[in-house]
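First the structure, in the form of structure tokens, and then the observations on it.
All ligand and atom numbering here is 1-based and tracks the order in the structure. In what follows, residues are counted from 1 in the order of the sequence shown.
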Amino acid sequence: MKIISVNERIIKDIIEWKYALAHPVLNLTVLDENGEQNIRIRHRSGEDIGVVFESPTLDDLKVCKNNCIFCFVKQMPPGQRESLYVKDDDFRLSLIYGSFVTLTNLSEEDFVRIETEKISPIYVSVHTTNPELRVSMMRNPHSATITAQIKRLIAAGIGVHAQLVLVPGVNDGPELLRSLTDLTSLYPGVESVAVVPVGLTGYREGLPELVGFNKDSARTVLDTCYSFSKKMRRRHGQSVVYAADELYILAQADFPGASHYDEFPQLENGVGLSRLFIDSFYQALRSVKKPTKKPTTWITGESSAFILKKLQHELNARSITWVDVLVANNQLFGGRVTVTGLLGGNDIIRTLKSANIAPGTRVLIPDITLRENRFLDNVSFTELQAEFPALSILSTPTTGESLVLNTLVERNEP
Ligand code: SF4
């Protein structure tokens with residue numbers, strides 16, 4: 001069934017639907033197999049009446065009008081599922097899901113809507129506050145006014161979470177200092193700033209030549225971030241500036257303690273996930289009284305391998321159980337991507353085949369690699385399991401607690 005209008009107003013997304021629910025009487029015009037119909041519903045004002053939408057937007061998704069030099073969508077390997085090639089840049093998804101948007105395609109009407117509906121917070125890909133540099137990084141002449149746009153949102157009472165995707169030699173160094181100075185000066189309107197290293201795949205044909213971060217350049221960025229977060233903590237009691245976990249991994253640095261991340265405002269952006277993972281691992285480990293001793297193998301991508309090897313040692317060294325860590329190399333993205341979440345099913349199959357694992361071993365695959373039970377390369381989890389009938393292959397929620405429980409607690413396995 002399709003909802004066409006509510007109280008004679010066309011509904012474009014679930015934000016408008018939620019607003020409509022404030023009315024105690026809803027006059028719906030809907031379209032179903034019997035054609036157009038009118039339905040009148042009386043309900044308690046604000047009460048959810050249980051309508052489930054297939055998609056959060058009922059009109060066309062707003063797509064991005066940029067051509068960023070570091071665009072990850074453009075670096076996708078060919079032949080993947082279509083949704084991976086969509087360059088969405090829809091402020092409504094930012095408000096509903098926390099997706100990052102650039103504000104470069106926002107019309108005056110969109111701005112007024114955000115201001116009047118006061119939907120907050122919004123997640124903004126800033127990258128740099130230097131107007132000329134932003135235009136050249138995003139290759140869009142309409143991208144220069146970001147600071148004014150953010151100020152306008154803040155003036156309307158909208159909270160902003162910002163991210164800076166850093167490209168070495170482009171917007172790090174003095175440009176990073178400038179961006180962090182500008183953004184932190186807008187606190188508390190700018191609630192958090194995440195500093196994220198650029199992701200490069202092996203599929204960059206026709207794209208500008210870029211380099212990724214290494215140990216030294218990652219350490220320099222961490223120093224800069226730390227000097228800002230230290231200053232912000234002293235002044236406001238919040239770090240505000242947070243470096244992505246990947247930068248700590250590249251710099252071979254320990255993750256800061258949980259208090260550094262405050263309320264973990266950019267967890268969905270991979271900021272603080274590792275700290276939470278490690279802490280929840282140890283907490284769960286203390287709660288398991290009678291661990292089982294079934295041989296277990298943990299699958300991980302290259303960048304998280306050192307975390308899992310440290311946790312593996314906790315179990316093996318005290319002979320709690322025997323765990324192996326198997327590091328899968330990502331060939332799906334052409335060999336330059338190391339994060340676990342972007343492993344393909346074929347990457348894991350190839351790794352398992354070459355590992356000579358004893359029959360009966362439990363193999364845990366983090367569910368961050370799966371979307372609707374399929375890997376990014378469309379291999380289904382069931383297909384992967386079928387390749388190894390002698391192993392007990394399970395997917396596990398990507399938390400330290402689940403890793404402990406699925407390793408140490410007896411369970412019925414297929
Ligand atoms: S905003 Fe830039 S990085 Fe994001 S999809 Fe558009 S071109 Fe790609």
Side-chain angles (χ1 to χ4, degrees), residues 55-57 60-78 80-107 110-111 114 121-150 153 160-172 175-176 179 183 193-213 244 246-247 266 268-271 332-334 336-337 339 341-342 371 376:
S55 151
T57 55
D60 289 340
L61 197 68
K62 292 176 196 297
V63 290
C64 129
K65 294 184 175 162
N66 311 307
N67 185 16
C68 300
I69 55 171
F70 51 83
C71 180
F72 201 77
V73 179
K74 282 211 182 143
Q75 301 179 66
M76 291 295 292
Q80 308 308 308
R81 71 181 90 137
E82 262 175 43
S83 60
L84 297 177
Y85 301 98
V86 176
K87 288 171 48 178
D88 64 271
D89 195 8
D90 194 317
F91 72 93
R92 298 168 300 176
L93 299 191
S94 185
L95 300 165
I96 297 166
Y97 295 136
S99 323
F100 277 89
V101 287
T102 64
L103 308 183
T104 53
N105 61 357
L106 230 53
S107 65
D110 294 332
F111 250 116
I114 294 173
I122 190 162
Y123 292 77
V124 182
S125 283
V126 175
H127 309 319
T128 173
T129 53
N130 176 340
E132 294 82 32
L133 181 59
R134 194 166 192 257
V135 167
S136 75
M137 285 185 80
M138 303 182 79
R139 298 191 285 188
N140 180 350
H142 301 294
S143 61
T145 54
I146 187 67
T147 308
Q149 288 178 311
I150 290 176
L153 292 170
V160 173
H161 293 281
Q163 78 162 346
L164 306 170
V165 172
L166 284 198
V167 183
V170 178
N171 59 340
D172 59 348
E175 294 296 344
L176 176 61
S179 299
L183 291 170
V193 184
V195 178
V196 182
V198 65
L200 302 174
T201 78
Y203 294 91
R204 292 197 50 82
E205 219 176 278
L207 296 174
E209 201 53 49
L210 301 180
V211 290
F213 279 94
E246 236 182 305
L247 283 165
Q266 297 227 17
E268 295 293 317
N269 202 11
V271 180
L332 174 63
F333 284 86
R336 288 172 79 175
V337 169
V339 294
L342 295 179
R371 282 100 185 136
L376 275 177

- Message: If we count only non-hydrogen protein atoms and require a distance under 4.0 Å, does atom 4 (Fe) of ligand 1 qualify as touching the protein?
- Response: no
- Message: Residue-level breakdown please: for N66 versus ligand 1, do any non-hydrogen atoms fall below 4.0 Å on the side chain, on the backbone, on both, or on neither?
- Response: both
- May I have all residue pairs that pass salt bridge (charged side-chain N to carboxylate O under 4.0 Å, His left out) and include part of residues 121-140, sequence neighbours excluded? none
- Query: Which of the numbered atoms in ligand 1 are below 4.0 angstrom from a heavy atom of T102?
  - Reply: 1 (S)
- CD (E268) with more than 12 external heavy atoms under 6.0 Å: no
- Rounded distance [0.5 Å steps], CG in N269 versus CZ in F100: 4.0 Å
- Residue C64, metal atom 6 (Fe) of ligand 1, N/O/S under 2.8 Å: yes
- Nearest to atom 2 (Fe) of ligand 1, what protein heavy atom do you find, and at what distance? C68 SG, 2.3 Å
- Tested for salt bridge (Lys or Arg N to Asp or Glu O under 4.0 Å) against K62, the lone hit among D89, D110, D90, D88 is D110
- Of all the non-hydrogen atoms in the protein, which one sits nearest to atom 8 (Fe) of ligand 1, and at what distance? C71 SG, 2.3 Å
- Task: Mind telling me whether F70 and H127 have parallel, tilted or perpendicular rings, with 30° and 60° as the class edges?
- Result: perpendicular
